[in-house]
Visitor: 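Got a structure for you, questions after.
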Amino acid sequence: MRGEPTIPCCESRFPAVTASIADARHWVRDCVEGFGGPLRRHPVIQTAELLVSELITNAIRHGAGPPLIRVTWNGRLLRIAVSDHGDRLPRMHATANTEPGGFGMQLLERLALRWGVTPRHPGKTVWAELSLES
């Protein structure tokens, strides 16, 4: 029987509490290492951990409901997507180095190959794609 190739994926919902930030970092590491192949022990895992912690932090602070994290690997790109039920879209802030916070979206812009926001009903999904070459 022929069908579409299966794209490796992990998905988990986290409580909307700050303790979930560290839990999500550990979870994404385990997920990505579990995909195996070229991802095992690749430096992109550290970038994925950083970005997932920023994305879930924003979902907890500015979104609504428990965030859902989905990580997929298509053989070329690692995609991290964090969904919440809030309608407030993320935006870049021009922040001074002395201000706390406000750097998450700047990190996303700098480290991701590309990123975006997909509106949902209710809420949104903020996603980022990473390449092994970047």
Side-chain angles (χ1 to χ4, degrees):
M1 177 185 256
R2 282 193 235 169
E4 294 290 320
T6 303
I7 295 177
C9 171
C10 298
E11 186 174 280
S12 187
R13 190 168 299 279
F14 290 83
V17 297
T18 55
S20 292
I21 299 165
D23 293 343
R25 279 195 308 266
H26 297 300
W27 176 84
V28 82
R29 172 175 285 282
D30 292 343
C31 169
V32 174
E33 285 187 345
F35 291 157
L39 288 172
R40 191 177 305 275
R41 294 184 182 84
H42 193 282
V44 77
I45 294 173
Q46 293 173 324
T47 305
E49 286 179 296
L50 177 59
L51 292 184
V52 82
S53 70
E54 293 298 333
L55 292 173
I56 194 171
T57 297
N58 285 349
I60 291 168
R61 292 181 71 198
H62 307 293
L68 174 71
I69 301 175
R70 181 179 174 93
V71 179
T72 55
W73 166 245
N74 70 5
R76 292 184 315 108
L77 298 173
L78 183 67
R79 183 181 180 105
I80 302 163
V82 178
S83 303
D84 68 70
H85 295 296
D87 293 329
R88 189 172 166 194
L89 299 179
R91 56 191 172 94
M92 298 280 244
H93 292 282
T95 58
N97 288 338
T98 57
E99 296 178 31
F103 294 102
M105 299 313 292
Q106 291 176 24
L107 278 172
L108 192 63
E109 178 72 25
R110 182 177 202 118
L111 298 176
L113 180 64
R114 64 187 192 134
W115 69 276
V117 181
T118 304
R120 297 178 37 228
H121 184 72
K124 68 198 167 288
T125 299
V126 182
W127 55 268
E129 292 178 340
L130 301 172
S131 169
L132 298 189
E133 282 93 47
S134 37

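Residue indices begin at 1 and follow the sequence shown. All values reported here derive from a predicted model rather than from experimental measurement.
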Visitor: Could you note down all residue pairs passing disulfide bond (SG atoms under 2.5 Å apart) where residues 13-45 supplies at least one of them, sequence neighbours left out?
Guide: Cys10-Cys31
Visitor: Quick one: do Glu129 and Arg114 make a salt bridge, cutoff under 4.0 Å?
Guide: yes
Visitor: Looking at CG of Leu113 and CG of Leu130, how far apart are the two atoms once the value is rounded to the nearest 0.5 Å?
Guide: 8.0 Å
Visitor: If you compare all heavy atoms of Arg70 against all heavy atoms of Thr72, which two are closest, and at what distance to 0.1 Å?
Guide: NE-CG2, 3.9 Å
Visitor: Decide yes or no for Leu108 and Leu51: does some side-chain heavy atom of the first lie under 4.5 Å from some side-chain heavy atom of the second?
Guide: yes
Visitor: Check Val82 against Pro67 and note the closest heavy-atom contact, atom names and distance.
Guide: CG1-CB, 4.1 Å
Visitor: So, taking the atom named CZ in Arg13 and the one named OG in Ser20, what distance separates them when rounded to the nearest 0.5 Å?
Guide: 11.5 Å
Visitor: Would a 4.5 Å heavy-atom cut-off, applied to side chains only, mark Val71 and Phe35 as touching?
Guide: yes
Visitor: Which atoms form the tightest heavy-atom contact between Ile21 and Thr57, and what is the distance?
Guide: CD1-OG1, 3.3 Å
Visitor: Same cluster for Trp27 and Ile45 if Ile/Leu/Val/Met/Phe/Trp/Tyr side chains link at under 4.5 Å?
Guide: yes
Visitor: Starting from Ile56, can I reach Leu68 by hopping between I/L/V/M/F/W/Y residues whose side chains sit under 4.5 Å apart?
Guide: no
Visitor: Look up atom NE2 in His62 and atom CZ in Arg88, then write down how far apart they are to the nearest 0.5 Å.
Guide: 5.5 Å
Visitor: Are any non-hydrogen side-chain atoms of His42 and Leu132 less than 4.5 angstrom apart?
Guide: yes
Visitor: Quick one, Arg79 and Asn74 - any side-chain contact, counting heavy atoms below 4.5 Å?
Guide: no
Visitor: Are the side chains of Val126 and Asn58 in contact, using a 4.5 Å heavy-atom criterion?
Guide: no
Visitor: Take atom CD in Gln46; do more than 12 heavy atoms of anything else shown fall under 6.0 Å from it?
Guide: no
Visitor: Would you name the heavy atoms of Trp73 and Leu78 that are closest together and state the gap between them?
Guide: CE3-N, 3.8 Å
Visitor: Do Trp127 and Leu55 land in one hydrophobic cluster if side-chain heavy atoms of ILVMFWY residues count as linked below 4.5 Å?
Guide: no
Visitor: Determine whether Ile60 and Leu89 fall in the same hydrophobic cluster, where Ile, Leu, Val, Met, Phe, Trp and Tyr are linked whenever their side-chain heavy atoms lie under 4.5 Å apart.
Guide: yes
Visitor: Closest heavy-atom contact between Gly63 and Asp84?
Guide: CA-OD1, 3.4 Å
Visitor: What are the two closest heavy atoms between Arg40 and Glu33, and how far apart are they?
Guide: NH1-O, 3.7 Å
